[in-house]
Amino acid sequence: MRRRLGRECLYVPSCRLGLYLALRHWCPPGGRVLMSPVNDDVIFFVVLAAGLRPVQAPLKAEDGSLDPAGLPDSVWQGLSAVLTTNLYGNPDPAPELRARCDRLGIPLLEDAAHAIGSSVGGRAVGTFGEASVFSLSKHTGARTGGFLALADPSLRPALERARDELLEPSRLSAELAYGLRPYAEAGVRGLRLVRAARATLRLLGLEERAEIRMELRPGELKQALSAAPAPAPPPLTDFHSWIRVDMHDYRRRPGSLRLRRTRRLLGRLDTRLAAHRAGTGRLLETRWAVPRPGRPGPVQPLFRVPLLVADRDAAIAALARRRITVGYLYDPPLDTYAGEVFTDPSPAPERAAWFARHALPVDPLLAEQVISVLTELDAQPARAWGERGV
Ligand SMILES: Cc1ncc(COP(=O)(O)O)c(C=O)c1O
């Protein structure tokens, strides 16, 4: 990663922990952080856990990217940092955000979890900010690990110390569970037991997301936020139950099994990115894709391709009948989900809500199967934002 980005990189057990480290390092406690409302709710809780106030940004309706021009100057003036999302690998306008942050003297932090091979104007996503964080669970499929990349390499020792203070010790049982999980899941899939397995988890109360968004539990969240007297940030452990969702080992020191698998998968990254780029190109030719003029330059190796369909839930159901699971849905946007007690709402929430409702994030490695299901369903593309009439 150091060679790819030309930046000093620090291994972290998860992107979410890397983001937490970056927010704690660069933002003053109580600061306000601009973020995308169409984002994983886990990241919202990471911002809160870092003792910061999330401010939801306006988005472009066609691809869910941040729209810097849509944010009033008065809101810009009150920010302590900007956190990008690069949703599904579509880059946020990093040069423009960099220029804004420079003018305001605030840091730009890049969440590059979805954007490991993406670029803006020929420059890699993750090389614009003071810091950027990558997830190795996504393109590489390692289900663990990430990198914090630093513009200033001299900060590495301080961040390494901060990381080590947050790590939980490596545990044999956690390593074994990590090592065996892909085989167990393949077995369940092979036996066509996926639905039964899900129902069992639900019965046992082990399913953390009954809906797209996890349960907010506002009473407990308020309590966690008020645990430490301002300006000290609250203890991270008070936020475990929100931050660990989908990855309970998010702060576990990796054992040799994890590192070996991660290294092997990372070694195949270029092949994987080429396959993502090919699938993305194929999906972008379909009638459900965002017209390309909005995205000049080469096709990006997207992590997911957000097709825009009129009836997204019908498309998800049709795909589920063919055993294709659609993940990475972020609906409703975070301001609707969490409310004004926990976040400043976006000044233009309608576009984000429209995108979140219609976006069908398609794995480009499954491009042909998904195209065939959508064609058979005769799925209608969502009408472009400007001509909705609703
Ligand atoms: C946009 C985004 N950022 C960060 C993360 C967190 O990545 P990790 O699971 O490696 O902590 C996710 C997880 O899905 C994500 O979707």
Side-chain angles (χ1 to χ4, degrees), residues 1 9-23 33-50 54 56-57 59 63-66 82-92 94 109-116 118 125-126 129 131-149 163 166-168 178 181 208-209 212-214 236 239-240 242-254 258 261-262 265-266 269 300 302-306 325-331 333-334 337 352 355-356 359 361 363:
M1 286 304 288
C9 291
L10 178 69
Y11 180 86
V12 284
S14 62
C15 176
R16 62 196 75 184
L17 191 73
L19 288 170
Y20 178 79
L21 280 167
L23 290 164
V33 177
L34 188 72
M35 69 178 296
S36 166
V38 181
N39 197 344
D40 193 338
D41 36 30
V42 163
I43 307 309
F44 177 72
F45 294 109
V46 166
V47 174
L48 290 176
Q56 304 303 326
L59 302 185
D63 61 4
S65 62
L66 297 178
V82 172
L83 175 63
T84 60
T85 298
N86 302 297
L87 187 63
Y88 305 132
N90 276 322
D92 285 313
L109 307 174
E110 295 176 85
D111 180 349
H114 295 181
I116 204 164
S118 298
V125 168
S132 57
V133 194
F134 292 82
S135 170
L136 292 174
S137 300
K138 310 289 183 296
H139 283 84
T140 48
R143 293 161 176 258
T144 189
F147 287 94
L148 174 62
R163 175 200 66 183
L166 292 170
L167 292 184
E168 285 172 345
Y178 170 77
R181 205 172 137 185
E208 290 174 300
R209 290 183 189 277
I212 295 174
R213 296 293 188 193
M214 71 176 90
L236 178 59
F239 290 82
H240 270 334
W242 292 279
I243 294 179
R244 71 180 181 186
V245 168
D246 306 325
M247 195 196 262
H248 281 214
D249 283 340
Y250 75 96
R251 56 188 290 195
R252 185 157 314 280
R253 184 182 288 280
R258 267 176 221 264
R261 185 184 282 167
T262 304
L265 291 168
L266 199 49
L269 181 60
Q300 309 271 1
L302 296 187
F303 171 58
R304 292 289 182 269
V305 181
T325 307
V326 177
Y328 301 95
L329 293 160
Y330 305 127
D331 188 21
L334 293 170
Y337 163 67
F355 178 85
D363 182 347

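We count ligands from 1, going down the list as the structure has it; atoms in each ligand are counted the same way. Everything numeric in this text was worked out from a predicted model, so none of it was measured.
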Margin query: Starting from atom 13 (C) of ligand 1, what is the nearest protein heavy atom, named by residue and atom, and what distance separates them?
Written below: K138 NZ, 3.0 Å
Check: So, are D249 and R258 salt-bridged, with charged N and O less than 4.0 Å apart?
Finding: yes
Margin query: To the closest 0.5 Å, what do you measure between CG (L236) and CZ (R251)?
Written below: 4.5 Å
Check: Quick check: does Y328 get an N/O under 3.5 Å from an N/O on ligand 1?
Finding: no
Margin query: Out of all atoms in ligand 1, which are within 4.0 Å of some heavy atom of C15? Include the element for each.
Written below: 4 (C), 6 (C), 7 (O), 8 (P), 10 (O), 11 (O)
Note to self: Within the 4.0 Å heavy-atom shell around N39, which atoms of ligand 1 are there?
What the structure shows: 1 (C)
Notebook entry, point to check: Which residue supplies the protein heavy atom nearest to atom 15 (C) of ligand 1, what is that atom called, and how far is it?
Noted result: H114 NE2, 3.5 Å
Notebook entry, point to check: Is a side-chain donor-acceptor pair under 3.5 Å present for D111 with T84?
Noted result: no
Checklist line | Nearest non-hydrogen protein atom, atom 10 (O) of ligand 1 | finding: S135 OG, 2.7 Å
Margin query: Do R16 and F45 form a cation-pi contact, if we require the NZ or CZ to be under 6.0 Å from the six-membered ring centre and within 45 degrees of the ring's axis?
Written below: no
Checklist line | atom 2 (C) of ligand 1: the protein heavy-atom neighbour that sits closest, reported with distance to 0.1 Å | finding: D111 OD2, 3.5 Å
Notebook entry, point to check: Looking only at side chains, do Y328 and H114 share a donor and an acceptor under 3.5 Å apart?
Noted result: no
Margin query: What protein heavy atom lies closest to atom 9 (O) of ligand 1? Include the residue and the distance to one decimal.
Written below: R16 NH2, 2.8 Å
Notebook entry, point to check: Is there any N or O on T85 that sits under 3.5 Å from an N or O of ligand 1?
Noted result: no
Notebook entry, point to check: Do you know which of N86, I116, D92 makes side chain to side chain contact (heavy atoms under 4.5 Å, CB included) with V125?
Noted result: N86
Margin query: One residue to check: I43. Relative to ligand 1, which of side chain, backbone, both or neither has a non-hydrogen atom less than 4.0 Å away?
Written below: side chain
Notebook entry, point to check: Does an N or O from M247, backbone or side chain, lie closer than 3.5 Å to an N or O of ligand 1?
Noted result: no
Next item on the list: Among E168, H240, R244, find the residue that satisfies the side-chain hydrogen bond (donor to acceptor under 3.5 Å, both in side chains) test when tested with Y250.
Entry: H240
Note to self: Quick check on Y330 - does any of its heavy atoms sit under 4.0 Å from an atom of ligand 1?
What the structure shows: yes
Item checked: Candidate pair R209 and D246, rule salt bridge (charged side-chain N to carboxylate O under 4.0 Å, His left out), full reasoning -> CA-CA 9 Å; R209 290 183 189 277; D246 306 325; 3.0 Å; yes
